[in-house]
Each structure stands twice: as structure tokens, then as C-alpha cells.
Asker: 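Here you go, one structure.
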2 protein chains.
Amino acid sequence: MSPIQGTRTGGRSARVQQAVHDAVRELQSERSRAELSVPLVAQRAGVTPSTVYRRWGTLQELLADVARERMRPDDPPDDTGALETDLKAWARQYLEEISSSPGREYVRDLVASDGEENSEQCNRYCQVKIRAILDRAAERGEPHPDADTVTDRVTAPIVFRVFFSSGDPTPEWAESLVDQVLAD
Amino acid sequence: MSPIQGTRTGGRSARVQQAVHDAVRELQSERSRAELSVPLVAQRAGVTPSTVYRRWGTLQELLADVARERMRPDDPPDDTGALETDLKAWARQYLEEISSSPGREYVRDLVASDGEENSEQCNRYCQVKIRAILDRAAERGEPHPDADTVTDRVTAPIVFRVFFSSGDPTPEWAESLVDQVLAD
DNA sequence: GCGCTAAAGCAAAGAGTTTGCGTTAGACTG
DNA sequence: CAGTCTAACGCAAACTCTTTGCTTTAGCGC
């Protein structure tokens with residue numbers, strides 16, 4: 001992979017980015033969101049605040065950048081042997097992840113950031129997992145909805161309820177969304 | 001309605017709140033979000049910044065407060081004579097409202113605010129409109145889903161796609177969500 | 001009217017942000 | 001493999017925003 005003309009991707013730049021991201025993650029686990037600040041992160045990372053401002057612009061954008069990284073899919077979703085159970089397991093895990101206190105903060109940071117790139121990337125990560133599940137169903141010969149349908153009928157309601165509804169959504173409710181999308 | 005003990009609801013307090021809200025709305029129509037600041041709003045409203053800080057805490061919370069006011073339902077939704085067309089008209093209008101550039105900003109401000117009160121209130125406003133439509137359907141004797149189902153299957157996908165998806169959702173797509181929820 | 005106090009004003013101290021300029025690391029070239 | 005070039009970093013000063021203690025004011029309840 002050749003580096004893009006006019007931007008530096010390796011060496012010191014990469015080390016600074018790594019150090020700043022690590023600093024944010026450390027501080028997020030130690031202090032509340034309101035206590036975070038660019039100077040604080042910069043000090044922990046061993047760089048000057050101006051470096052952070054010039055690269056990320058605002059604390060908001062930096063937090064969104066870190067949040068996006070955290071959402072990146074690591075392992076392929078568990079293979080339970082059937083579409084229904086695969087999707088239910090994923091839906092339960094996803095609900096748990098984003099309804100947790102840190103999970104909500106990450107999504108908040110993503111939505112609050114100026115560029116929509118971050119939120120969109122986050123959804124793409126989500127769809128990568130969903131598609132992996134659907135592809136396995138296809139291999140088994142199971143009938144299955146497409147990824148956009150699963151997004152509209154499972155992912156969207158989960159995210160919406162976590163952020164706009166008063167009660168805590170239950171794992172059972174998340175599973176019922178899967179039942180409904182597989183019913184028709 | 002008696003005022004709550006220990007807080008002032010009328011007189012000067014009310015005038016200040018009005019002036020600050022007006023100032024925010026004016027400035028939002030003149031400048032970009034990044035150019036807004038508490039001192040700027042305060043100056044336009046004819047109050048001191050410390051007044052704004054003490055009442056709202058941060059610019060974020062103030063913007064969320066204004067955004068919530070804007071989302072408050074004004075008129076009852078149009079009565080087109082049938083559930084399907086009522087819901088489709090509402091879905092189209094809602095999509096248009098929140099996918100517009102200012103609409104997205106309002107929702108962003110709501111989600112970004114610390115207290116979840118604002119986001120939840122916003123959803124309650126939404127459900128008020130949906131329930132009005134469903135109640136009319138009930139009066140006509142039409143079969144109809146409940147408000148939570150409409151929230152999960154129409155409102156949630158609309159909001160989710162506007163914020164997490166790359167392409168612009170179309171009015172036709174919003175209508176198809178209504179078709180699906182009425183189909184089963 | 002009169003007193004009481006929540007809320008506003010004022011101003012100074014503190015914290016965060018922006019910016020110009022010099023320096024440095026590391027990518028590219030010959 | 002040394003030399004050149006420049007994106008990105010460090011530093012520091014100027015600037016803006018935020019916080020806070022104290023004073024003043026408006027207007028509700030008696």
C-alpha cells in the first residue's frame with residue numbers, strides 16, 4: 001500500500017496518533033466525560049495540545065475517532081448453527097454493548113461529530129457482522145432477509161430505543177425483533 | 001397551576017429564557033453551528049454569559065433545550081381519511097423534517113446533551129402524533145398496530161438511516177415502511 | 001406596601017483554544 | 001547512502017471561553 005501523496009502515514013505521525021488514542025482510552029476509563037479535555041489528553045499522550053488541535057480539530061472529533069475504532073469488528077460473530085440463533089445472539093450482544101454506559105457514550109460521540117463519516121463507518125462495521133451471519137445462512141440453504149432489512153428492523157429499533165426511549169430494552173425484546181424479521 | 005416552591009417561573013426569569021431562546025434561533029439561522037458560543041448568544045439576548053452558564057450549564061444543553069422546543073408538536077397530523085395515507089403522510093413529513101440540514105442539527109444537539117430527558121421528550125412528542133393517527137383509525141374501526149410498533153418499524157429506521165447511512169433515504173422508502181407495518 | 005430570596009449582573013481568575021514561527025523526523029531523490 | 005524537502009510537531013503568546021465570589025435587582029407572598 002503506497003502512502004498518499006502529501007500526507008505522512010508512518011513514523012512519528014503514527015506514533016503520535018497511537019499515543020493520543022491510548023491516552024483517550026485510558027482517561028475514559030478513569031474519569032467522566034465532562035472531565036476530559038484536550039490539554040489533559042495531550043499531557044497523558046506526551047504531546048502538546050496544539051498537535052491534537054491541528055490533527056483532530058476538537059475534542060469531539062477526537063472522541064468520535066476513538067469511538068469509531070472501538071466499534072471496528074474484531075472477531076466474526078459466533079456460529080450457532082442456524083440463522084435465527086445467530087441473529088438473536090448478535091442482537092442480544094449488540095444491545096448489551098450499546099446500552100452499557102460506555103457504549104452509549106461512544107455512540108453519542110459518533111453522532112455528535114461534525115463529519116458524518118464516522119457514523120456511517122460505524123454502521124458499515126455493523127453490516128459486516130450481519131452480512132457474515134446472512135452469508136452463513138445462504139451457505140446452509142436457509143431463506144434469509146437482506147442486510148438492509150435487518151438494519152431497518154433490528155439494528156435501528158435497538159439504537160433508537162436506547163437513545164430515545166425511557167425504559168431499558170430487554171434482551172427478550174431484541175430477540176423478538178429477530179423473530180419478526182424472520183417471520184415474513 | 002401553582003409555581004414550584006423555590007423556583008421562579010414568571011417575570012424576569014421567563015423573559016430571560018425567552019430572550020435567550022430567541023437569540024439561539026436567530027443565530028442558528030445566521031451562522032454555522034461551529035460559530036455559535038455562549039458569549040455570542042448572551043450578547044444577542046442582552047444578558048451576561050454567566051446567566052446562561054448558570055441556567056443551562058453548557059452551550060450543548062442550551063441547544064438541546066431549544067431543539068426540544070422546536071420538536072414540540074404544534075398541529076394535529078393531517079386527517080386524510082384512512083390509516084395508511086395518514087401514516088404515510090406523517091412518515092414523509094417526518095423524514096423531510098429530520099433529514100434537512102437544520103433538522104439533523106437539532107437531533108444531533110438532542111442526542112449530544114447529557115441528560116437523556118431531552119431525547120426522551122422528543123420521542124414522546126413523536127408518539128403523540130402517531131397516537132393521534134392511530135386513535136382516528138380506531139374510531140373508524142380500522143385495524144391498526146400499536147404506537148410502539150410504529151415507533152420500532154417506522155420512526156426508528158427513518159432516524160437511523162438519516163444518521164448512520166450514507167445515501168439519502170427517499171420518501172418512497174419511508175412509505176414502504178408504512179406498507180410493511182400495516183401488512184401484518 | 002414590605003421583606004425575602006431566586007436569579008441576574010459584574011468582574012477577576014482560571015482554563016481551553018488558536019496561531020505564527022522555528023525545529024525535527026523521515027520520505028524521496030540522485 | 002548522504003542530501004534535500006516538507007508535513008507534522010513543539011513552543012509560547014494572544015485570545016476566547018468558562019467559572020466563581022460577591023453585589024444588586026425584581027417580583028412573589030405576606
Asker: Assess whether one donor atom and one acceptor atom, taken from the side chain of B/Ser50 and the base of C/dC10, lie less than 3.5 Å apart.
Answerer: yes
Asker: To the nearest Å, give me how far apart CD (A/Glu61) and P (C/dG16) are.
Answerer: 19 Å
Asker: Can you find a side chain N or O atom of B/Arg55 that sits less than 4.0 Å from OP1 or OP2 on C/dA8?
Answerer: yes
Asker: Of all residues at least two apart in sequence or in a different chain, which pass the side-chain contact (heavy atoms from CB on, under 4.5 Å) check with B/Ala138?
Answerer: B/His144
Asker: Return yes if some donor-acceptor pair links the side-chain N/O of A/Glu61 with the main-chain N/O of A/Thr58 below 3.5 Å, else return no.
Answerer: no
Asker: Can you find a donor-acceptor N/O pair under 3.5 angstrom joining the side chain of A/Ser13 to the base of D/dC9?
Answerer: no
Asker: Calculate the interatomic distance between A/Arg15 atom CZ and D/dA8 atom C1'; express it in whole Å.
Answerer: 12 Å
Asker: Rounding to a whole Å, what distance do you find between B/Glu35:CD and D/dC17:C1'?
Answerer: 16 Å
Asker: Is there a side-chain contact between B/Thr51 and the phosphate of C/dA8, meaning an N or O under 4.0 Å from OP1 or OP2?
Answerer: no
Asker: Does OP1 or OP2 of D/dC17 have a side-chain N or O of B/Ser37 closer than 4.0 Å?
Answerer: yes
Asker: I need the CH2-C1' distance between B/Trp56 and C/dA8, as an integer number of Å.
Answerer: 12 Å
Asker: Over how many whole Å does the gap from A/Leu36 atom CG to C/dA15 atom C1' extend?
Answerer: 15 Å
Asker: Confirm from the modelled atom types if A/Arg54 and D/dG10 form a donor-acceptor pair under 3.5 Å, side chain to base only.
Answerer: yes
Asker: Check for a donor-acceptor pair, side chain of A/Arg68 on one end and backbone N or O of A/Glu117 on the other, with a separation under 3.5 Å.
Answerer: no
Asker: For B/Cys122, what residues pass the side-chain contact (heavy atoms from CB on, under 4.5 Å) criterion, not counting sequence neighbours?
Answerer: B/Met71, B/Leu110
Asker: Rounded to the nearest Å, what distance is computed from the CZ atom of residue B/Arg12 to the P atom of nucleotide D/dA26?
Answerer: 6 Å
Asker: Please give, in whole Å, the distance from C/dG9 P to B/Gln43 CD?
Answerer: 13 Å
